Protein chains: 2
Amino acid sequence: MASIREVAALANVSPSTVSRVMNGTANVDPEKRERVLKAIEESGFTPNEVARSLFKKSSKTLGMIIPSIKNPFFTELSSAIERTANQYGYRMILSNTGGNLEKEKNAISMLVSMNVDGIVLATSNAGLRSYLDNCKTPIVTIDRLISKNASGGYIHCDHYEGGRLAAEHLIDCGCKSIVCVRGLDGISSAKERFAGYLDVCKENGIKEQSIICDYDFNEGLAMTEDLLKQYPDVDGIIACNDMVAISIYKVLHRKKIRVPEEIQIIGYDNINLSRLMTPEFTTVAQPIEKMGVKAARLLIKKESNRQQEYIFSPELIIRETTKLQKGADAQ
Amino acid sequence: MASIREVAALANVSPSTVSRVMNGTANVDPEKRERVLKAIEESGFTPNEVARSLFKKSSKTLGMIIPSIKNPFFTELSSAIERTANQYGYRMILSNTGGNLEKEKNAISMLVSMNVDGIVLATSNAGLRSYLDNCKTPIVTIDRLISKNASGGYIHCDHYEGGRLAAEHLIDCGCKSIVCVRGLDGISSAKERFAGYLDVCKENGIKEQSIICDYDFNEGLAMTEDLLKQYPDVDGIIACNDMVAISIYKVLHRKKIRVPEEIQIIGYDNINLSRLMTPEFTTVAQPIEKMGVKAARLLIKKESNRQQEYIFSPELIIRETTKLQKGADAQ
DNA sequence: AAACATCTTGAAACGGGTTTCAAAAGAAAA
DNA sequence: TTTTCTTTTGAAACCCGTTTCAAGATGTTT
C-alpha cells in the first residue's frame with residue numbers, strides 16, 4: 001500500500017535512500033538507516049515487486065503453463081519445477097490453459113509482461129509457434145514439442161521408445177489383440193508413442209488396433225465402452241496415460257472383466273496414483289522429477305543450454321495389471 | 001518486445017494516439033488509425049500488461065494460493081474458480097505454497113503487486129492474519145479460516161456438521177470402534193470436523209479415538225500402520241480426506257483386511273477420484289464446484305459481499321467402503 | 001590552509017502504458 | 001468574417017522502485 005515515497009517522507013530522506021536501505025546497495029548513515037527502518041515498520045511498507053521488475057529485468061520468478069491441472073502428470077511435474085526453483089531463490093507461478101490457444105497466448109504475454117525469468121510450457125498448440133520464436137523470454141517446452149526454435153530448449157522423454165516398451169511388454173505378457181489408446185492427434189508425444197507401438201506390431205506381425213482418447217478420466221470412461229464394442233476380442237490395452245488407465249480399469253471392473261486375467265492394461269507416466277491403486281498399475285514411467293529439475297535449472301541458468309534438446313529414457317514398471325508369461329521383473 | 005513509443009514513432013503519431021487506438025478510448029482520425037494498426041502489425045507489438053496494470057488498478061486477474069497442488073481437492077477447487085473467472089473475462093494464476101508461511105507472504109505480496117483484482121486463499125497459516133487485515137486487495141479465504149476480517153469474506157463448508165455426518169454414518173453402519181484421522185492441529189477445518197465427531201461419540205457413548213495425519217497419501221500410508229497398532233480392534237475409520245482414505249485402503253488391502261467387511265472407511269471431500277476407485281469410496285462431499293463459483297463471483301463483484309461468511313452444507317455420499325446395517329441409500 | 005580523495009545524498013531519468021489538460025484544428029453559428 | 005463549439009492531438013504527469021550523476025559534506029595529505 002504505502003509507496004517508497006511515503007516512507008521517504010516519513011523518514012525525512014529521499015526515495016533513493018530508502019531503496020538503498022532496503023537493498024543494501026550502498027552505505028547509508030546509521031542514523032538515517034534507523035529512521036528508514038522505523039518508517040518502513042510503521043507504514044507496513046512492502047515494495048511493489050512489479051514496479052521493481054519493471055526496471056530490473058528479472059523478477060526471480062518462473063512461469064509454468066500446463067494444459068490441465070487435473071492431470072497428475074502435470075501437477076507432479078510442476079511440483080518438481082517449483083521445488084527446484086525455490087532452491088535457487090525463485091518462485092513459480094502456474095497458469096492452466098485447458099489447451100485453449102487464446103488462453104495460452106494470453107498466459108505467455110502476461111508472464112512475459114511480468115518479466116518472469118523463464119517459462120516452462122507443457123502445452124502443445126501449434127498455433128503458438130510463431131509466438132515462441134519471437135519471444136525474448138526464455139521458454140523451455142517440456143514433454144511436447146512445438147518449435148525447435150524455442151529459446152530455452154526442449155525437454156522430453158523418448159516417447160517412441162515408451163510406445164515400444166508398452167507394446168513389447170504386452171506381447172511378452174502373451175497378449176494377442178492389443179489396442180492402443182492414443183492421445184489426441186495434435187499432441188506430438190502421442191504421435192510418437194503410437195509410432196513406437198505401430199513398429200512393434202509390424203515387427204511381430206500383430207494387428208494394429210487403436211482408438212483416440214483425451215487425457216482425462218471422464219473421456220476414458222466413455223472411450224472404454226466404445227473400445228469394447230469396436231474390439232470385442234481385446235486382451236491387452238495400452239492407455240495413453242495413467243488416469244485413462246484407471247478409468248479403463250473402472251469400466252472393465254464394472255463389467256466384471258478381470259484384470260489382468262482377461263484383459264491386461266498398461267498405463268503411461270507412472271504418476272504416484274498408479275502405485276496407490278488396487279491393483280497397482282503396470283506403466284511406462286517418465287522421469288517426471290528429473291525432467292522438472294532439468295527444466296528449472298536450465299531457465300535459472302544453472303546449466304548451460306548450448307544443447308537444444310534433452311531426451312530422457314522411459315522405464316517399464318511392471319506391477320499388477322499385466323502378467324508376464326515367464327520370468328523377468330522390474331520396478 | 002516493442003514498446004508503445006516505438007509503435008508511435010513508426011506510425012508518426014504520439015504514444016497517446018496509439019493507446020487510444022488500442023483501447024478505443026477516444027476517436028482517432030481514420031487515416032492515423034490505419035497507420036497505427038499497420039505499425040502494431042509490423043512491429044509485433046503486444047502491450048505490457050504489467051505496465052498497464054501499474055496505472056489502472058486492475059489487471060483482470062484473480063490470484064489463488066493453495067497449500068498443495070497434489071491434493072485434488074484444491075485442484076478441483078481452483079478449476080472451478082478459474083472457469084468462473086474466465087466466464088467474466090478474468091484469468092487466474094495459481095501459487096502453490098506447501099503451507100510455508102514465508103512462501104505464502106511472498107505469494108500474496110507478488111499477487112498484490114501485480115494488481116490482481118482479488119485473491120482466494122485456501123491456506124491456513126495463522127501468521128498471515130495481520131497481513132490479511134492490512135491488505136487492500138480483496139481476499140476471500142476458502143475452506144479454512146484465518147481471520148474474520150479478511151476483506152473478501154470467508155467461504156466454507158460446515159465442517160462440524162461434516163464431522164457429525166461421518167461419525168453418525170459409521171455408527172449407523174454398526175461400527176463399534178471408530179478412529180478419527182484428524183488433520184493437522186493448526187487447520188481450522190480439521191478442528192471443527194473433529195469436534196463434530198467428538199460430540200457424536202459423546203451422544204452415543206462411544207470411545208473417542210483419534211490419530212493425526214497430514215493431508216497427503218504418503219503420510220496416510222505411514223499413519224495407517226500406526227493406527228492399526230494403536231487401535232487393533234478398529235472397525236471404522238474416518239479419514240481426514242479422500243486421498244488419505246485411499247492410502248488407508250491401500251494398507252488394509254495389503255494386509256488382507258477386507259473393506260468394508262472388517263473395517264469400514266469414510267473419506268472427505270468427494271474428489272472425482274473417490275468415485276473412480278475400486279471400491280468406490282463413501283465420503284462426505286463438499287460442494288467444491290459451488291464454493292469455487294462463489295469465491296470467484298464474490299471477487300469479481302458479481303455478487304455483493306455485504307455478508308462476511310458463506311457456509312455450505314456437506315452431504316453424505318454412501319458408496320462401497322461402508323455398509324449400512326439396514327435400509328437407506330444415497331447418490 | 002589549500003588541494004585532493006572519499007563518502008553520503010537527493011534530483012532526475014527510466015521503464016511502458018494511460019490519462020489529463022490544454023492547444024490546435026476544423027466545423028458550425030452569428 | 002468573426003465567434004463559438006466540437007473534435008482531434010500531443011506533451012506531460014502518473015504509477016513505483018532503481019540507478020545514475022553530480023553536488024555536498026567530511027576527512028586526509030601536503
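Small disclaimer: the values here were computed from a predicted structure and weren't measured.
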Pairwise N/O distances under 3.5 Å, protein to nucleotides 26-28 of chain C:
none

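Residue B:K32 has a polar side-chain atom (N or O) positioned under 4.0 Å from OP1 or OP2 of D:dT9.
A donor and an acceptor atom never sit less than 3.5 Å apart when one is taken from the side chain of B:R52 and the other from the base of C:dG16.
Between the side chains of A:S59 and A:E49, not a single donor N or O lies within less than 3.5 Å of an accepting N or O. A:H156 and A:E309 share a donor-acceptor pair across their side chains, judged by distance under 3.5 Å alone. Under 3.5 Å, the side chains of A:N106 and B:R91 contain a donor-acceptor pair of N or O atoms. For the residue pair A:R144 and A:S188, no side-chain donor N or O sits within less than 3.5 Å of a side-chain acceptor on the partner.
Contacts of A:S68 classified as side chain to side chain contact (heavy atoms under 4.5 Å, CB included), with partners at least two apart in sequence or in another chain: A:K70, A:N71. For B:E82, the side chain to side chain donor-acceptor pair (under 3.5 Å) partners two or more places apart in sequence, or in a different chain, are A:K103.
Atom CD1 in B:I4 sits about 17 Å away from atom C1' in C:dC14, given to the nearest Å. Separating the CG atom of B:N115 from the P atom of C:dG16 is a distance of 18 Å, rounded to the nearest angstrom. B:M114 places its CE atom 17 Å from the C1' atom of D:dG17, with the value rounded to the nearest Å. Counting to the nearest Å, the P atom of C:dT8 and the CD atom of A:E31 are 14 Å from each other. Between the CD atom of B:E49 and the C1' atom of D:dC15 there is a distance of 17 Å, given to the nearest Å. One can place NZ of B:K56 at 13 Å from P of C:dG17, the figure rounded to the nearest angstrom. The separation between A:R5 atom CZ and C:dA13 atom P is 12 Å, rounded to whole Å.
In the helix from C:dA1-D:dT30 to C:dA30-D:dT1, the rotation axis of the first five pairs and that of the last five pairs differ in direction by 60°, rounded to 10 degrees.
The stretch residues 14-30 of chain A comes close to DNA chain D through A:S16, A:S19, A:R20, A:M22, A:N23, each having a heavy atom under 4.0 Å from the strand.
Not a single donor-acceptor pair under 3.5 Å links the side chain of A:E192 to the backbone N or O of A:S189.
The listed nucleotides are C:dG10, C:dG17, D:dT19; the one nearest the side chain of A:F55 is D:dT19.
Nearest-nucleotide assignment on DNA chain C puts the 5′-proximal partner with A:N12, out of A:N12 and B:N48.
For residues 289-299 of chain A, the pairs satisfying side chain to side chain donor-acceptor pair (under 3.5 Å) are A:R83-A:E289, A:Y88-A:R297, A:K294-A:E303, A:R297-A:E303, with sequence neighbours left out.
The two residues A:S43 and A:V7 have their closest heavy-atom pair at OG-CG2, 3.6 Å.
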Taking it one step at a time, do B:I288 and B:F73 satisfy side chain to side chain contact (heavy atoms under 4.5 Å, CB included)?
-> CA-CA 8 Å; B:I288 301 182; B:F73 172 71; 3.6 Å; yes

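A salt bridge links A:R35 with A:E31: at least one charged nitrogen is closer than 4.0 Å to a carboxylate oxygen.
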